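Down below is the structure, laid out as structure tokens.
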Amino acid sequence: MAIMIDKSTRVLVQGLTGRQAQVDSANCLSYGAQIVAGVTPGKGGQEVLGLPIYNSVRGATLRHDIDASVIYVPAAGAASAALEALHAGVRLVLITSEGISRHEMARVVATAASRGASVVGPNTNGIIVPGQTKLGGIGGKDPADIYAAGRIGICSRSGGMSAEIGLSLKSGGYGVSTGIAMGGDRVTGGRMVDYVRLFEEDPQTDAIVIYGEPGSENEMDLARHLHENGVRKPILALIAGLFQENYPTGMSFGHAAAMISSAEDSASAKRRLLAQAGAIIVDSISDLPHLLQQAGISPTQNVEELT
Amino acid sequence: MRYLTEDIGKQILRKTGLPVPNGFRAETPQAAADAAEQLGGQAVVKALVPTGRRGKANAVRLTDTPAEARKAAEDLLDATINGHLCKAVYVEERVDIASELYLSFILEDYPPRILASTEGGVEIETVHQNRPEAIITATIDPLKGLPVWDAINIWERAGLPSAQLPAVAKVTAALQTVFERNKGIMLELNPLVIDSNGRVSLVGAMMAIEDDTMAEVNEDTPRTDREMREDRVRKVSRELPGGMVRYTELDGNIGMFVGGGGAGLHQHDLILAAGGRPANHTDASTQNPDKVRELIDVILDNPQVKSLFISWHYQQMAQIDKRVIPALEALTARGIDAREFPVVIRMFGQGEEAARSAAAAIPGVHYLPHGAPMTDGIDLIVRLTAKARSQTQMEV
């Protein structure tokens with residue numbers, strides 16, 4: 001079992017006629033993902049990668065059972081594409097697009113909440129369940145070179161760091177239950193604490209690695225969650241951006257931010273709060289295997305041969 | 001994010017019909033005097049710089065005559081206020097103040113929030129510190145917005161007298177619409193004034209908006225070499241297609257071509273922890289070879305640079321040869337000998353073979369083996385840079 005998705009997840013790709021969508025989707029298909037259709041308004045009736053293209057999400061859901069949609073629509077139309085998927089009843093929407101307006105994203109988040117659906121991203125490079133399936137560009141063309149199957153959950157604010165964490169775990173004999181690049185934007189659908197909660201409930205996950213950085217309250221919320229509910233599984237936190245504190249910051253503008261922030265938005269403040277809440281702080285990515293050993297997690301990797 | 005100066009922010013508010021005092025932008029003392037004349041003599045002269053706390057920086061002056069306005073403008077123009085060079089002042093009508101409120105909208109983490117207080121003015125942060133209950137905070141449902149009745153409830157909780165509720169709530173609801181339409185990150189009205197006739201006036205107004213384009217450079221300001229290098233990168237990032245490049249120059253000696261946000265941040269931390277000192281930080285998403293060449297040329301143009309570190313995260317979606325090859329081209333175009341000037345590459349992903357053979361053709365370039373840990377690259381560049389530095393010192 002994994003969180004969010006598994007090999008039975010049926011996937012729609014919005015914007016499948018675009019270049020990046022086709023590259024990523026071809027990689028997903030060869031990794032085992034069940035992509036069943038695509039949507040591009042105006043191109044209904046065409047075929048891409050052997051998959052039917054529809055003009056609307058509704059058009060696709062009338063003919064296919066869709067569990068998740070991955071959005072490759074350019075920023076200006078991405079929020080609208082996400083709303084379309086949510087209103088058509090899709091339960092899981094991944095937004096890969098970069099540069100979506102925060103206000104538009106706020107409406108997407110509120111809509112997802114009102115419908116009990118999940119949104120990953122924006123600016124996510126995807127979710128991977130090693131050996132089973134992947135959504136989005138995560139893992140690239142050869143995901144097995146980065147992610148081994150195993151029992152460690154990854155939740156990363158950066159898609160690149162998600163890969164480096166996968167690589168570091170693999171070098172120490174560890175594998176990944178589910179890897180989530182949650183997106184690095186300020187306003188995202190799922191927040192770090194949401195994914196950690198899912199990993200805590202997942203019997204196939206023994207420990208959780210998170211990557212965070214300055215620029216949002218995700219890590220503070222996670223620290224609060226751990227503080228209130230206790231540490232149920234070892235949680236290793238790699239927080240980058242300490243160096244920024246060595247350099248001068250810009251002048252503050254207005255008073256509102258100073259009055260609503262619960263804590264300082266810096267790497268060291270986040271490390272301190274997470275450490276106080278019981279997380280294991282990771283100074284260097286190469287320490288991950290060693291720290292997992294110390295936490296009593298043995299390397300159980302099972303690198304499945306993929307066909 | 002872009003901070004708007006007061007004249008632009010207030011223009012946006014005025015256009016939507018919100019009650020903003022009359023005011024003019026003036027770039028010379030004479031223009032300031034003329035503006036004061038037009039406003040009837042009495043005025044407020046404020047430095048037009050995108051920063052808060054101008055009152056405390058003595059950059060807001062009350063003037064009684066056009067001559068005083070001229071004098072105030074003479075003082076403020078070309079002065080540096082909170083780190084910003086003042087190139088213009090804002091000359092505004094004086095409003096007679098019966099009470100000062102505080103109101104702001106902010107969208108940092110979800111959801112958007114509103115803050116309201118009947119104790120507005122320059123001491124708002126002190127009020128917040130001493131009596132946080134004097135500032136009402138509420139979240140805004142993005143699907144519902146802020147209807148007038150919600151605004152009435154908020155201001156009632158803040159302690160605003162009943163008689164003033166309708167007018168203030170109406171303006172508050174309209175401001176929320178402006179905030180959302182203009183993709184505001186922050187909109188702060190401080191003070192939001194109720195004048196002696198009970199009318200609302202937006203005397204203090206500051207706004208920061210979402211903005212993907214890089215901050216515009218003020219061409220009038222003299223630029224240092226460092227700033228000119230930063231400008232060059234800003235220019236190519238804006239003008240050439242295919243992803244962004246960012247460059248911030250620092251005081252160290254390791255030239256950094258790191259990208260992809262998180263991996264760049266972590267590697268920068270690791271270099272400092274290993275005793276190395278980056279000469280710059282970069283972030284980039286581009287695969288446009290012209291952009292990469294220009295960025296590398298800028299990195300190498302910094303006279304402090306003693307080595308080059310090309311290390312991203314394992315590339316899952318991009319072609320790494322489109323980054324490594326132009327980077328090496330920029331290096332050789334400058335006639336740099338990699339046997340004396342350390343070059344360390346840790347780049348994995350699609351196009352790796354082409355990247356490796358281009359690197360192999362240049363004697364002295366260190367390309368880490370496929371899958372080598374991030375820390376191997378850090379250790380090598382820090383060690384080689386220290387060695388190169390001590391050799392240079394010996395030659396000197």
Side-chain angles (χ1 to χ4, degrees), chain A residues 20 23-24 98-99 101-103 105-107 109-111 114 125 137-141 143 145-146 156-161 163-164 167-168 171 184 186-188 191 211 213 216-218 238 240-244 246-247 250-261 267 283-286, chain B residues 3 50-53 82-84 102 104-113 115 124-125 128 135 137 141-143 180 183-186 188 190 206 208 210 212 248 250 259-263 265-266 268-273 278 281 285 312-317 348-350 371 373-375:
Chain A
Q20 191 66 52
V23 172
D24 287 357
E98 220 183 313
S101 152
R102 220 183 267 185
H103 283 273
M105 226 10 248
R107 273 191 292 275
V109 176
T111 303
S114 74
N125 85 334
I138 194 164
K141 199 174 169 137
D145 195 36
I146 302 172
S156 174
R157 289 276 284 157
S158 149
M161 282 304 282
E164 291 292 339
L167 211 56
S168 173
S171 76
R186 185 92 195 209
V187 171
T188 55
R191 297 176 57 79
Y211 166 79
E213 56 190 36
S216 81
E217 289 167 13
N218 274 291
L238 174 55
L242 286 173
F243 76 92
Q244 293 176 347
N246 294 354
Y247 304 117
M251 269 301 287
S252 59
F253 185 83
H255 310 276
M259 293 194 290
I260 63 162
S261 296
D283 286 318
S284 163
I285 190 161
S286 300
Chain B
Y3 299 122
T51 166
R53 301 175 177 87
N82 295 344
H84 297 269
Y102 174 88
S104 64
F105 301 89
I106 189 160
L107 177 54
E108 296 214 314
D109 287 45
Y110 181 86
R113 275 174 273 196
L115 283 77
I124 187 70
E125 285 191 48
H128 177 254
I135 295 159
T137 307
D141 177 352
L143 300 179
E180 204 187 302
K183 299 185 177 174
I185 297 295
M186 194 217 62
E188 184 173 81
N190 188 32
M206 277 198 298
E210 293 185 42
D212 295 332
T248 310
L250 304 165
L265 296 183
H266 186 48
H268 199 132
D269 283 347
L270 290 174
I271 286 183
L272 288 177
H281 190 74
S285 64
W312 292 43
H313 54 276
Y314 193 122
Q315 302 286 283
Q316 302 158 87
M317 293 158 90
F348 312 139
Q350 290 177 60
M374 208 173 235
T375 39

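What you are looking at is a predicted structure, and each value in this text was computed from that prediction instead of being measured.
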Please walk me through it: do B:Asp109 and A:Arg191 pass side-chain contact (heavy atoms from CB on, under 4.5 Å)? CA-CA 10 Å; B:Asp109 287 45; A:Arg191 297 176 57 79; 3.4 Å; yes
The test is side-chain contact (heavy atoms from CB on, under 4.5 Å); show your working for B:Leu265 and A:Gln244 and say whether it passes. CA-CA 9 Å; B:Leu265 296 183; A:Gln244 293 176 347; 3.6 Å; yes
Please lay out, stage by stage, how B:Glu108 and A:Arg186 fare under the test side-chain contact (heavy atoms from CB on, under 4.5 Å). CA-CA 7 Å; B:Glu108 296 214 314; A:Arg186 185 92 195 209; 3.6 Å; yes
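Looking at A:Leu167, only its side chain comes within 4.5 Å of chain B, counting heavy atoms on both sides. Within the 4.5 angstrom heavy-atom criterion, atoms from both the backbone and the side chain of B:Glu180 approach chain A. Only the side chain of B:Asp141 comes within contact range of chain A, judged by heavy atoms closer than 4.5 Å. With a threshold of 4.5 angstrom between heavy atoms, A:Val109 approaches chain B through its backbone and through its side chain. For B:Leu272, the part lying near chain A is the side chain, with the backbone staying farther off; criterion is any non-hydrogen pair under 4.5 Å. Interface remark: A:Leu242 contributes backbone and side-chain atoms alike to the contact with chain B (heavy atom separation under 4.5 Å).
If you take CD1 on A:Ile285 and NE2 on B:His266, they are separated by 5.0 Å, rounding to the nearest 0.5 Å. Atom CG of A:Asn125 and atom NE2 of B:His313 lie 7.5 Å apart (nearest 0.5 Å). To the nearest 0.5 Å, the span separating CD on A:Glu217 from OH on B:Tyr110 amounts to 14.0 Å.
Each of B:Ile271, B:Leu107, B:Thr375 has some count of heavy-atom pairs under 4.5 Å with chain A, and the biggest count is that of B:Leu107. Comparing B:Lys183, B:Met317, B:Gln316, B:Gln350 by how many heavy-atom pairs each has under 4.5 Å with chain A, the most go to B:Gln316. For the set A:Ser158, A:Ala110, A:Ser168, the entry with the most heavy-atom pairs within less than 4.5 Å of chain B is A:Ala110. No other option in A:Ser101, A:Ser286, A:Gly159, A:Ser156 has as many heavy-atom pairs under 4.5 Å with chain B as A:Ser101. Taking A:Glu213, A:Glu98, A:Arg102 one by one and counting their heavy-atom pairs under 4.5 Å with chain B, the maximum is reached by A:Arg102. Heavy-atom pairs under 4.5 Å with chain B were tallied for A:Asn218, A:Ile138, A:Thr188, A:Asp145; the largest tally goes to A:Asp145. The candidate with the highest count of non-hydrogen atom pairs below 4.5 Å against chain A, out of B:Ile185, B:Asn190, B:Leu250, is B:Leu250. The residue among A:Gly241, A:Ala163, A:Ala267, A:Ser114 with the most heavy atom pairs within less than 4.5 Å of chain B is A:Gly241. Chain B forms more heavy-atom pairs under 4.5 Å with one residue of A:Glu164, A:Met105, A:Met161 than with any other, namely A:Glu164.
Here the closest non-hydrogen pair linking B:Leu270 and A:Ser284 is CD2-CB, 3.6 Å.
A:Phe243 and B:His281 have tilted rings, their planes meeting at an angle from 30° to 60° on a 0 to 90° scale.
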